[in-house]
Visitor: 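One structure, pasted below without further comment.
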Amino acid sequence: MRARVIAVTTVALLGVAALVTPTHDARAGGPGGQVTIVAHRGASAYAPENTLPAVDEAARRGFSWVENDVQRTKDGELVVIHDDSLTRTTNAEEVFPGRAPWKVKDFTAAEIARLDAGSWFGPAYAGTRVPTLKEYLRRVEHNHQKLLLEIKSPELYPGIEREALKLLGNEGWLDRQHLGRLVVQSFSADSLRIVHDLKPGLTTGYLGTPPAADLRTYAGFTDLINPSHKSVSRDYVTAVHSYKGPHGRPLGVFAWIVDDAPTARNVAGYGVDGIITNRPDVVRKALSAS
């Protein structure tokens, strides 16, 4: 393979597949060309996932794209956390005994703000909090980063799409400049249709591997098809790229979750446009040496 050099650029996402307008982002050349590297839940191998320290750690390591998960509290606050239960990444069982099963939707924002979301990862992060989406957006903005925002389990939170878009708009993330730094994704095709209908200019990504025969339908409301790396192949990537999305550009492919060098090189060889990873530095090093 030809030697390739890491491009340290910022990528403006102009709708989709190639996330390619350069300025301060870490991308690496792989066999399929330039591959955008997205820090999954922040640099979550090195700091507690979906927290502000994880966002900062991604920035410190030179990665502009971060991914997060958004859910809703009992009183309607949007918060950044992956699981619909608080038990894995916070001390909710200790702080609120008797509140099983400790679902995010059953706690107020003030209650969740009391929880420690860092000690499970390591003592250095004791006292880290579950961020609200507003706090998270402001940290991403402060770090001049870009965001791949996942609407998590939308079936649990009717109307969350409109609420998320309202908050994004209030925080300035739906203007022309920010639309080049934002993707909203979901495992729910229905949720993405809602997002696309409400904000047609916004880039969206479907999490999953739709049959190739169904890609034409998906191309009506999503710009990216984001499959597990275990379900992707060169032929599938080629099939995805053969369709144009709602913004008139070829659909893109971001594969997840790739944390080791051999898999990174293999997936890049399929021609994917991006890789979502807990270990972005491992992926960058692997692809720059390909």
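Computed from a predicted model, the values in this text were never measured in an experiment.
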Visitor: Hey, does Asp223 have a side-chain heavy atom less than 4.5 Å from the side chain of Pro246?
Guide: yes
Visitor: Roughly how far, to the nearest 0.5 Å, is CG of Asp197 from CZ of Arg162?
Guide: 10.0 Å
Visitor: Evaluate the side-chain proximity of Thr277 to His40: yes if any heavy-atom separation is below 4.5 Å, no if none is.
Guide: no
Visitor: In the single-linkage hydrophobic clustering (I, L, V, M, F, W, Y; side-chain heavy atoms under 4.5 Å), do Val79 and Leu165 co-cluster?
Guide: yes
Visitor: If you define the side chain from C-beta out and look only at heavy atoms, does anything of Trp120 sit under 4.5 Å from Thr90?
Guide: no
Visitor: With salt bridge (charged side-chain N to carboxylate O under 4.0 Å, His left out) as the test, would you mind laying out the steps for Arg138 and Glu135 before giving the verdict?
Guide: CA-CA 5 Å; Arg138 291 181 179 182; Glu135 290 168 337; over 6 Å; no
Visitor: For the side chain of Ser119 and the backbone of Pro123, is there at least one donor-acceptor N/O pair under 3.5 Å apart?
Guide: no
Visitor: Just how far is it from atom CG of Leu137 to atom CG of Leu133, taken to the nearest 0.5 Å?
Guide: 4.0 Å
Visitor: For Thr263 and Asp260, what are the C-alpha separation, side-chain angles and deciding distance, and is it a side-chain hydrogen bond (donor to acceptor under 3.5 Å, both in side chains)?
Guide: CA-CA 6 Å; Thr263 304; Asp260 65 271; 2.9 Å; yes
Visitor: For Tyr46, is the NZ or CZ atom of Arg61 found under 6.0 angstrom from the centre of its six-membered ring and inside 45 degrees of the ring axis?
Guide: yes
Visitor: Counting distance only, does the side-chain N/O of Arg234 pair as donor-acceptor with the main-chain N or O of Gly271 below 3.5 Å?
Guide: no
Visitor: Do the charged groups of Lys103 and Asp84 touch, with an N to O distance under 4.0 Å?
Guide: yes
Visitor: Using a strict cut-off of less than 4.0 Å between a Lys/Arg side-chain nitrogen and an Asp/Glu carboxylate oxygen, indicate whether Arg284 and Asp281 qualify as a salt bridge.
Guide: no
Visitor: Short question: side chain of Asn226, backbone of Gln185 - any donor-acceptor pair under 3.5 Å?
Guide: no
Visitor: Any donor-acceptor pair under 3.5 Å linking the side chain of Thr203 with the backbone of Val183?
Guide: no
Visitor: Under 30°, 30 to 60°, or over 60°: which ring-plane class applies to Tyr218 and Phe221, parallel, tilted or perpendicular?
Guide: tilted
Visitor: Quick one: are Leu202 and Leu179 in side-chain contact, heavy atoms under 4.5 Å?
Guide: yes
Visitor: Under a 3.5 Å distance rule, please check whether Glu77 uses its side chain to pair with a backbone N or O of Thr132 as donor and acceptor.
Guide: no
Visitor: Is any side-chain heavy atom of Glu150 closer than 4.5 Å to one of Val70?
Guide: no
Visitor: Is Arg88 paired with Glu49 through a side-chain N to carboxylate O contact shorter than 4.0 Å?
Guide: yes
Visitor: Could you give me the CA-CA distance, side-chain angles and deciding distance for Glu141 and His178, then say whether side-chain hydrogen bond (donor to acceptor under 3.5 Å, both in side chains) is met?
Guide: CA-CA 10 Å; Glu141 180 74 8; His178 286 81; 2.9 Å; yes
Visitor: Flag the pair Tyr206 / Ser186 as yes when at least one side-chain heavy-atom distance between them is below 4.5 Å, and no otherwise.
Guide: no
Visitor: Is it the case that Gln177 and Asp175 place a side-chain donor and acceptor less than 3.5 Å from each other?
Guide: no
Visitor: Looking at Glu111 and Arg114, is there a salt bridge between them, counting it only when a charged N and a carboxylate O are closer than 4.0 Å?
Guide: no
Visitor: With salt bridge (charged side-chain N to carboxylate O under 4.0 Å, His left out) as the criterion, how do Arg139 and Asp56 come out once you've worked through the C-alpha distance, each side chain's angles and the decisive distance to 0.1 Å?
Guide: CA-CA 8 Å; Arg139 183 59 60 89; Asp56 292 342; 2.6 Å; yes
Visitor: Count the heavy atoms belonging to other residues, nucleotides or ligands that lie under 6.0 Å from CZ of Arg99, then report whether that count exceeds 12.
Guide: yes
Visitor: Decide whether a cation-pi geometry holds between Arg72 and Tyr157; the criteria are a distance under 6.0 Å from NZ or CZ to the six-membered ring centre and an angle within 45° of the ring axis.
Guide: no
Visitor: Give a yes or no answer on whether the side chain of Glu171 reaches the backbone of Lys134 with a donor-acceptor pair at less than 3.5 Å.
Guide: no
Visitor: Show the numbers, then the answer: is there a side-chain hydrogen bond (donor to acceptor under 3.5 Å, both in side chains) between Thr108 and Asp75?
Guide: CA-CA 5 Å; Thr108 67; Asp75 55 342; 4.8 Å; no
Visitor: So, the side chain of Ser231 versus the backbone of Ser228: is there a donor-acceptor pair under 3.5 Å, distance only?
Guide: yes
Visitor: Do the non-hydrogen side-chain atoms of Leu215 and Ile225 ever get within less than 4.5 Å of each other?
Guide: yes
Visitor: Look only at the side chain of Thr51 and the backbone of Pro48, and say whether a donor-acceptor pair between them is shorter than 3.5 Å.
Guide: yes
Visitor: Given side chains that start at C-beta, do those of Leu251 and His241 come closer than 4.5 Å, heavy atoms only?
Guide: no
Visitor: Spell out, as yes or no, whether a donor-acceptor pair under 3.5 Å connects the side chain of Asp116 to the backbone of Gly127.
Guide: yes
Visitor: Let me confirm one number: the CD-CZ distance from Glu67 to Arg41, rounded to the nearest 0.5 Å.
Guide: 7.0 Å
Visitor: Evaluate Asn68 against Asn50 for side-chain hydrogen bond (donor to acceptor under 3.5 Å, both in side chains), listing each step before the verdict.
Guide: CA-CA 6 Å; Asn68 73 352; Asn50 275 323; 5.4 Å; no
Visitor: Under 4.5 Å between side-chain heavy atoms, counting indirect links through other Ile/Leu/Val/Met/Phe/Trp/Tyr residues: same cluster for Ile276 and Phe187 or not?
Guide: yes
